[in-house]
Number of protein chains: 4
Amino acid sequence: MDANPAQRPGRRRSEASRQAILAAAAELIAQDGYGSLTIENIARHSATGKQTIYRWWPSKADVAMEALADKTDLQVPIPDEGNFAADLRAVLSTSFALARQPQVTEILRALMAEAQIDDAFAQRFRSQFLERRRRALHTIVDRAHARGELPAGVPPDTVVDVVFGTLWYRVLAIPAPLDDVLADELVRILAPASPG
Amino acid sequence: MDANPAQRPGRRRSEASRQAILAAAAELIAQDGYGSLTIENIARHSATGKQTIYRWWPSKADVAMEALADKTDLQVPIPDEGNFAADLRAVLSTSFALARQPQVTEILRALMAEAQIDDAFAQRFRSQFLERRRRALHTIVDRAHARGELPAGVPPDTVVDVVFGTLWYRVLAIPAPLDDVLADELVRILAPASPG
Amino acid sequence: MDANPAQRPGRRRSEASRQAILAAAAELIAQDGYGSLTIENIARHSATGKQTIYRWWPSKADVAMEALADKTDLQVPIPDEGNFAADLRAVLSTSFALARQPQVTEILRALMAEAQIDDAFAQRFRSQFLERRRRALHTIVDRAHARGELPAGVPPDTVVDVVFGTLWYRVLAIPAPLDDVLADELVRILAPASPG
Amino acid sequence: MDANPAQRPGRRRSEASRQAILAAAAELIAQDGYGSLTIENIARHSATGKQTIYRWWPSKADVAMEALADKTDLQVPIPDEGNFAADLRAVLSTSFALARQPQVTEILRALMAEAQIDDAFAQRFRSQFLERRRRALHTIVDRAHARGELPAGVPPDTVVDVVFGTLWYRVLAIPAPLDDVLADELVRILAPASPG
DNA sequence: AAGTAAGCGAGACGGTACGTCCGGTCTTAGC
DNA sequence: GCTAAGACCGGACGTACCGTCTCGCTTACTT
């Protein structure tokens with residue numbers, strides 16, 4: 001078994017190229033938007049061969065997704081403050097702060113767009129990005145559910161849909177930047193009964 | 001004033017071509033997905049010249065948007081049943097039924113995707129599609145707001161964001177088709193206090 | 001019999017349009033060269049409809065040919081000075097003077113070019129332009145032949161070929177403008193034995 | 001110095017594609033005439049990409065010129081039989097035989113036509129084709145000039161003009177194929193005084 | 001040390017679609 | 001019935017990228 005990659009003969013993957021490619025992708029997206037991002041441009045700006053990109057990433061969207069992962073700490077902290085309102089507010093605060101950065105916004109929109117057009121990427125996007133963030137929120141919501149803090153007759157899954165749905169809708173459909181007031185309002189809607 | 005187009009000399013726009021183009025676009029999207037839709041293919045399948053398409057639509061996304069408008073009655077009925085829960089359920093029912101048709105889903109996803117990538121189209125998409133549907137719901141929500149039926153501290157705009165956000169998120173990010181149960185749950189969340 | 005065109009019903013051909021078209025063609029050729037001459041451009045610059053051009057001329061080359069005919073008096077005078085040398089010199093002098101005008105050169109080159117590419121035009125070009133000029137020279141050469149002034153064993157047709165051949169070659173293949181010295185040299189070659 | 005192309009990195013030019021393109025161009029010209037030759041057709045018939053053609057040739061006329069060069073041995077032999085008449089007849093014999101092949105005629109006419117319409121190509125056509133053939137004849141004529149075999153008062157350049165002029169005129173302006181009798185007559189005109 | 005196996009930048013390759021231009025035709029309203 | 005205007009279908013233009021395929025070179029492990 002070749003589980004240990006160090007054992008195989010041949011030149012090893014160049015970390016310098018990997019980073020040059022991700023950096024070039026990020027810069028090009030910031031400059032001209034994802035719409036005019038091309039593999040050829042990434043290669044040119046990173047002084048890299050196209051083949052190297054095709055060898056390691058299935059599509060330019062995957063390059064963008066990895067560039068985003070590299071640039072931001074996508075680890076989602078799972079707070080546990082004892083009540084749903086506080087936990088939810090903490091998660092929203094983190095998420096909003098992240099999504100508000102213009103370069104992050106641009107990439108998020110592009111990834112969601114590409115997922116609509118390219119089914120194979122959609123799967124990777126869901127499993128590598130969306131599901132991870134869902135899981136973090138799910139933990140909190142499940143806990144609240146157990147404590148009886150959710151609105152009556154609303155399963156945890158739906159709460160998660162509402163939170164991420166509202167967040168994504170604002171990013172995708174509304175030109176104004178994400179507003180922190182929205183976070184408070186979401187808390188009021190979803191965690192209405194702050195137990196005395 | 002040249003408001004009356006019949007007064008100008010020259011051949012008039014061909015309604016037959018317009019419909020052939022929209023039909024071809026719709027069919028091609030249904031068959032191969034929006035990702036492989038090209039102007040050239042639309043022209044070929046509609047026995048039409050590319051120039052004719054470029055003359056009347058700014059982009060293939062606009063063709064798709066018009067095809068959607070032609071195919072579905074996008075007029076949004078504004079119910080008035082006297083209470084928010086019933087009104088909201090009626091709107092959701094209509095919207096879900098529409099968005100559940102596979103061909104409609106496919107086009108909706110494509111339009112939202114294109115709007116992320118092409119800013120000029122994004123503006124047209126918002127003003128010609130998103131805003132219209134927002135306005136319908138807004139009427140209902142404003143009415144509820146006046147009656148004091150909204151959750152405390154939640155302005156109508158946010159309610160609209162939550163409704164459409166959840167709907168779009170399910171369409172864009174979740175592979176499963178839209179579920180009618182979700183409509184009930186949204187009503188429970190947003191119109192909780194059925195006045196005694 | 002409809003020999004009298006004034007008797008037919010309907011609007012008569014517009015002489016103003018005819019001249020506007022020829023003038024626009026001449027001007028466009030002078031400006032940008034025949035290579036970028038298009039029917040559409042002629043129509044635009046002459047404030048005329050494309051249909052009007054297609055109705056009266058088989059191709060843009062025919063427009064150019066008529067523009068040339070209108071602009072220059074293409075009537076070829078047939079001198080008769082009593083000896084071949086003087087007659088030939090007179091014909092060459094007229095022809096060179098005509099072909100030396102830059103705008104005429106440009107059109108001549110274009111017509112000969114088009115004749116290589118479009119067989120139908122080639123026939124019209126030969127019968128309406130080349131043959132006429134050949135006939136003028138032929139009269140002179142035949143007369144010289146009868147007087148025994150041609151080189152021995154050289155039929156009149158060949159003399160005509162040599163004269164026009166040399167002239168056209170200089171126009172088509174040599175960037176320098178036509179030189180009057182050439183006329184003298186042709187006379188020396190073809191009418192060498194000025195009979196004492 | 002990068003004179004050695006083998007030193008550069010990257011895939012090398014494909015000789016197979018080069019030949020397929022030239023062959024396709026030659027065949028298409030023979031079939032449908034130069035007038036309906038398009039880059040797109042060449043690419044299709046040679047199972048080649050358009051870009052490959054644009055990469056290596058400035059225009060379709062240059063493709064045709066190279067196809068001609070490849071197909072015919074354009075090397076012009078320079079005979080030296082001791083007298084102008086014999087040398088000239090030898091050159092004419094070779095040239096006529098070449099120009100009489102229908103496929104060669106077609107290309108020659110097309111190249112000369114294109115040179116009238118495209119100035120940049122005209123320069124290449126002169127330096128890569130016309131001038132070479134002129135030089136061969138010039139050698140012979142200069143030699144004759146030194147021996148005093150030219151008509152009095154006629155410089156070598158003019159003799160060359162007359163020879164090629166007549167040849168080209170017959171090809172371009174006269175529908176009949178080149179006649180060998182013409183060669184004899186040209187010799188009689190230009191090398192009349194076979195010195196005793 | 002030689003041999004073998006990968007990865008690298010570079011760049012040509014066969015394709016496909018782009019958006020534009022023009023050809024030649026058809027359809028208006030107006031003279 | 002001609003005219004200007006202008007839309008129509010069709011097709012080639014020259015360009016941009018796609019994803020693949022050589023190249024010569026470099027870097028690593030294996031013998």
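Per chain, numbering begins at 1; letters A, B, ... match sequence-line order. FYI, side chains are in, hydrogens and waters are out, and symmetry mates aren't considered; it's all heavy atoms of this structure.
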*Supply the atom-to-atom distance B/K50 NZ to B/N41 CG, rounded to the nearest 0.5 angstrom.*
11.0 Å
*Using a strict 4.0 Å threshold on nitrogen-to-oxygen distance, state whether C/R124 and C/D119 make a salt bridge.*
no
_I need the CD1-P distance between B/I21 and F/dA7, as an integer number of Å._
14 Å
_Using a 6.0 Å distance limit plus a 45 degree cone around the ring axis, check whether A/K60 lies over the aromatic ring of A/Y34._
yes
Check residues 22-33 of chain B and write down every donor-acceptor pair under 3.5 Å in which the side-chain atom is one partner and the other belongs to a residue at least two apart or another chain.
| from | atom 1 | to | atom 2 | distance (Å) |
| --- | --- | --- | --- | --- |
| B/E27 | OE2 | B/Q31 | NE2 | 3.2 |

*Near DNA chain E, under 4.0 Å by heavy atom, which residues of residues 32-58 of chain A?*
A/A47, A/T48, A/G49, A/T52, A/R55, A/W56
*Does a nitrogen or oxygen in the side chain of D/R12 sit under 4.0 Å from OP1 or OP2 of F/dC21?*
no
*Rounded to whole angstrom units, what separation is found between the CG atom of D/D118 and the C1' atom of F/dG14?*
14 Å
_Would the distance check show the side chain of A/T52 and the main-chain N or O of A/T48 forming a donor-acceptor pair, the cut-off being under 3.5 Å?_
no
*Can the positive tip of C/R13 be found less than 6.0 Å from the middle of the six-membered ring of C/W56, inside 45° of the ring normal?*
yes
_On DNA chain F, does the nearest nucleotide to D/G10 precede the nearest nucleotide to B/S14 from the 5' side, or the other way round? Give the residue._
B/S14
_Spacing of A/E15 atom CD relative to E/dC8 atom C1', expressed in whole Å_ = 15 Å
_Measuring to OP1 and OP2 of E/dA12, would you say a side-chain N or O of D/S17 lies under 4.0 angstrom away?_
no
*For E/dA6, take OP1 and OP2 only and decide whether either is under 4.0 Å from a side-chain N or O of A/R11.*
no
